[in-house]
Amino acid sequence: MRDPRDDGWDVRAVTAADVPALVRGADVLGSGGGGDARSAGLLFAHAVGSGAVPLLDPARATGHAVSFVGMVGAVSAFTEELPGGEEFARAVRAVERWTGERATALASIEAAGLNGLTALATAVSVDLPVVDVDLCGRALPRLEQFSLAVVDGALPPLALALPSGQVLVVEGGDGVRCERVVRAVLAAEGGWAAIATGPVRRAPWSGAGPVRTTRRCLQVGARLEALGPSATTEDVAVAAGGELLGAGRVVEVARRAGAGFGRGSACVRDQRTSALLRLEMENEYLVAFEDGAPVATTPDPLVVLERRSARVVACDRIRRGDDVVVLRLPAPSFWSRPGRTDRVAPRAFGLDLDPVLGERPDGTLW
């Protein structure tokens, strides 16, 4: 193992000092959802103290048996009924007992929102490194959208550790059936749970899911943290690594209750062009229309930032009168491969239109 202090990406030591950048970057990749990363940041900072967690580059992590860890369910329930601290480790140990295989490393189910830091916090308690690969590359709401379900057609065994202390293992079935079972349990038992997959081996890891997303969080978050008070709208877009879609006041927010996740839309009057930018949202921002024409869609993360602070404005917090910047970030290349885009495109969310994706800038690693 190389010395973590060399800041090379074979191994990168993540410490409590990285929390502000990680939280900022994970919120950006949440695309308006995924929950506030600050609660997970506090968990990680408390757990790691003055120590560090090795973050392994996926190209150097072949041979590891990786358990993917995170929180599923309602993020509002998670913040109202905070974890005792052992739920995530309990889920990992439960799925190890069920499968008979020990995990040698952890990774995040989605390196965005509060799940952007839960694997790091859990790694401290189980004394394992973290591989910089995840199952979404951004925030996504359903288990059938995990990359392992897309690639393998099924998910590995899943352990759920509930805040009540109960543990449930779900094995068998495709991602859709696993999603139904897990949602039914969450609806009856507190609204959220720690989840861990059975240990998975892949070589290379780039075929199993989006890679280097935590690295992306660190880079984006550090650049946003470094912005000064005189930063322009264009400066914010460059720091976030995104394409500017619009900037101006939110003039309308409409929310629609339904049988599933809450839906809604938010309209922004672009002060540069006077165009009306409408954002359709579910748990995340999904589609941007400019004067009625679609200009950006999932799986590209759509990000709304408060203009002066460059802080993320989540879907459940956007309000009329907010002064915002709207960006489109490039989705991980994993989702651009044939047969994968449909799983996360607008029609996967019930929106009848083709994906409208931005160009990926040269030199990106994810």
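Computed from a prediction, not measured in an experiment: that's the story for all the values here.
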### Query
Applying the 4.5 Å side-chain criterion to the ILVMFWY set and letting contacts propagate, would L244 and L227 be lumped into a single cluster?
yes

### Task
Answer yes if V325 and V250 sit in the same cluster of Ile, Leu, Val, Met, Phe, Trp and Tyr residues linked by side chain heavy atoms under 4.5 Å apart, and no otherwise.
no

### Task
Working to the nearest 0.5 Å, report the span between CG of D270 and CG of L276.
9.5 Å

### Query
Does the distance from a Lys or Arg side-chain N to an Asp or Glu carboxylate O, for R347 and D342, drop under 4.0 Å?
no

### Gap separating the CG atom of L286 from the OG atom of S265, nearest 0.5 angstrom
11.5 Å

### Query
Taking atom types as modelled and ignoring hydrogens, do the side chains of D134 and T213 form a donor-acceptor contact shorter than 3.5 angstrom?
yes

### Query
Which value, rounded to the nearest 0.5 Å, describes the distance between W98 atom CH2 and E171 atom CD?
6.0 Å

### Message
Is there a side-chain contact (heavy atoms from CB on, under 4.5 Å) between E243 and L327? Walk through the geometry before answering.
### Response
CA-CA 5 Å; E243 173 190 353; L327 306 176; over 6 Å; no

### Short N-O contact, E280 and R278, less than 4.0 angstrom
yes

### Message
If I compare all heavy atoms of A107 with all of V131, which pair ends up nearest, and what's the gap?
### Response
CB-O, 3.6 Å

#### Entry: Ion pair R93/E86, N-O distance below 4.0 Å
no

#### Entry: Taking every non-hydrogen atom, the tightest pair across S147 and A208
OG-O, 2.5 Å

#### Entry: Heavy-atom pair of closest approach, residues P299 and A331
O-CB, 3.4 Å

### Query
Where do N283 and C315 come nearest, in terms of heavy atoms and distance?
O-SG, 3.7 Å

#### Entry: Path from V324 to V253 over hydrophobic side-chain contacts below 4.5 Å
yes

### Message
Within the structure provided, determine whether R201 and E101 are in side-chain contact (heavy-atom separation under 4.5 Å).
### Response
yes

### Query
Hey, are D36 and R317 close enough for a salt bridge, meaning a charged N less than 4.0 Å from a carboxylate O?
no

### Query
Hey, is CZ on R320 packed in by over 12 heavy atoms from elsewhere, all under 6.0 Å?
no

### Summary
Given the options R311, E306, R307, S309 meets side chain to side chain donor-acceptor pair (under 3.5 Å) only with E306

### Query
Hey, is R12 close enough to D18 for a salt bridge, meaning N to O under 4.0 Å?
yes

### Query
Could D323 and R308 be called an ion pair, given the rule that one side-chain N must be under 4.0 Å from one carboxylate O?
no

### Task
Please name the pair of heavy atoms, one in C136 and one in W335, separated by the smallest distance, quoted to 0.1 Å.
O-NE1, 2.7 Å

### Task
Answer yes or no: is there an ion pair linking E179 with R142, defined by an N-O contact shorter than 4.0 Å?
no

### Task
With sequence neighbours excluded, tell me which residues meet side-chain hydrogen bond (donor to acceptor under 3.5 Å, both in side chains) with D235.
T232

### Message
Please determine whether a side-chain nitrogen of the Lys or Arg among D132 and R215 lies less than 4.0 Å from a carboxylate oxygen of the Asp or Glu.
### Response
no

#### Entry: Presence of salt bridge, D322 and R319, under 4.0 angstrom
no

### Query
Do you reckon L56 sits in the same ILVMFWY cluster as V66, going by side-chain contacts under 4.5 Å, direct or chained?
yes

### Query
In terms of hydrophobic clustering (I, L, V, M, F, W, Y; side-chain heavy atoms under 4.5 Å; direct or indirect links), are L140 and V151 co-clustered?
yes

### Summary
Between P346 and T297, the two heavy atoms sitting closest are CG-CB, 3.7 Å

### Sub-4.5 Å side-chain heavy-atom contact between F146 and L155
yes

### Query
Would you find more than 12 non-hydrogen atoms of other residues, nucleotides or ligands less than 6.0 Å from R177 atom CZ?
no

